[in-house]
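Notes follow once the structure below has been shown.
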Amino acid sequence: MAHVSVQQADFDVGGEIEALKEGRTDAGAFVSFTGTVRDMDGNLKSLTLEHYPGMTETELARIAGEAERRWPLLGCRIIHRFGTLAPGDNIVLVITASAHRRAAFEAAEFLMDFLKTRAPFWKKEATAAGDAWVDAKTDDDDALEKWQS
Amino acid sequence: MQLVYFAWVKERVGKSEETLHLPEHVNTVRELLSYLSGINEIYAHALAEPEKLRVAVNQTHVKLDHPVIDTDEVAIFPPVTGG
């Protein structure tokens with residue numbers, strides 16, 4: 001079963017991989033993706049993430065369940081932060097474990113593609129010019145299409 | 001019905017949640033958005049661009065033709081931007 005956490009606190013990537021590895025020797029591949037707060041042009045003061053408590057956890061678990069149905073995963077962790085974050089801070093962590101690398105790579109990409117278009121989070125950027133909600137990208141929707149099979 | 005709003009929808013409506021007694025003629029998400037838009041200028045402005053709105057009923061993403069009933073929790077929000 002996937003481990004899903006929606007939290008304000010930071011996470012330790014290495015520690016989370018170790019936690020997934022602990023006590024098992026059947027997994028030969030661990031893939032992790034870490035998403036961080038990006039400051040493209042040096043103007044970002046902070047990024048605030050709002051979410052829909054309850055639905056967020058349900059939706060992440062649903063996405064993880066779909067990944068487990070499609071690939072032979074031995075473990076899966078999704079951690080997503082909310083609250084106000086600084087440039088460079090961690091936002092999201094996805095870890096997949098499988099016997100072989102291909103399933104772990106593909107499942108991690110699938111999880112991120114679905115998370116970006118399904119998990120109810122909203123980003124608001126604070127810059128010197130004021131605060132603004134981040135617009136959704138259409139290429140995030142396009143990224144989903146390759147999984148429609 | 002419990003209504004919840006997020007991100008700029010919440011800011012434009014001016015509240016994060018409210019309770020609504022659903023009129024009998026409102027049976028789908030599309031009809032609900034139309035009904036809310038007719039309440040006053042604030043809702044009309046907040047919900048002016050339906051193509052930029054997404055809706056969840058009882059914490060599941062739905063389309064505009066999804067049915068709604070008075071005991072539902074309906075969330076209205078912009079397209080998500082997590083990750």
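As the structure is a computational prediction, the values presented were derived from the model and not from experiment. Quick note on labels: first sequence line is chain A, next is B, and so on, each numbered from 1.
Crowding of B:Glu24 atom CD: a count of heavy atoms from other residues, nucleotides or ligands under 6.0 Å not exceeding 12. The 12-atom threshold is not exceeded at CZ of A:Arg38, counting heavy atoms of other residues, nucleotides or ligands nearer than 6.0 Å. Open room surrounds CD1 on B:Ile42; 12 or fewer heavy atoms of other groups in view lie less than 6.0 Å from it.
In this structure, A:Ile63 is a member of the same hydrophobic cluster as A:Phe33, with clusters built from ILVMFWY side-chain heavy atoms closer than 4.5 Å. Both A:Leu60 and A:Ile91 belong to a common hydrophobic cluster when Ile, Leu, Val, Met, Phe, Trp and Tyr are linked at side-chain heavy-atom distances under 4.5 angstrom. There is no path of hydrophobic side-chain contacts, each under 4.5 Å, that joins A:Trp133 to A:Val37. No chain of hydrophobic side-chain contacts below 4.5 Å, direct or via other Ile, Leu, Val, Met, Phe, Trp or Tyr residues, connects A:Phe110 to A:Leu93. The same ILVMFWY cluster, assembled from side-chain heavy atoms under 4.5 Å apart, contains both B:Val62 and B:Leu47.
A:Asp140 does not touch chain B: none of its heavy atoms, backbone or side chain, sits under 4.5 Å away. For B:Lys10, the part lying near chain A is the side chain, with the backbone staying farther off; criterion is any non-hydrogen pair under 4.5 Å. In this structure, chain A has a heavy atom under 4.5 Å from the side chain of B:Ala56, while its backbone stays farther away.
Atom-to-atom distance recorded for B:Arg54:CZ and A:Thr117:OG1 is 10.5 Å, nearest 0.5 angstrom. For the atom pair CG (A:Leu49) and OG1 (B:Thr81), the distance works out to 7.0 Å, reported to the nearest 0.5 Å.
With contacts defined as side-chain heavy-atom distances shorter than 4.5 Å, the pair A:Pro120/B:Phe6 does not qualify. Contact check for B:Thr60 versus A:Arg62: side-chain heavy atoms found under the 4.5 Å cut-off. Using a 4.5 Å heavy-atom threshold, the side chains of B:Gln59 and A:Glu59 count as separate.
Ranking A:Tyr52, A:Phe121, A:Phe82 against chain B, the residue ahead of the rest is A:Tyr52, based on heavy-atom pairs under 4.5 Å.
At least one donor-acceptor pair closer than 3.5 Å links the side chain of A:His80 to the backbone N or O of B:Gly83.
Contact record, B:Glu11 with A:Lys124: OE2-NZ, 2.5 Å, taken as the closest heavy-atom pair.
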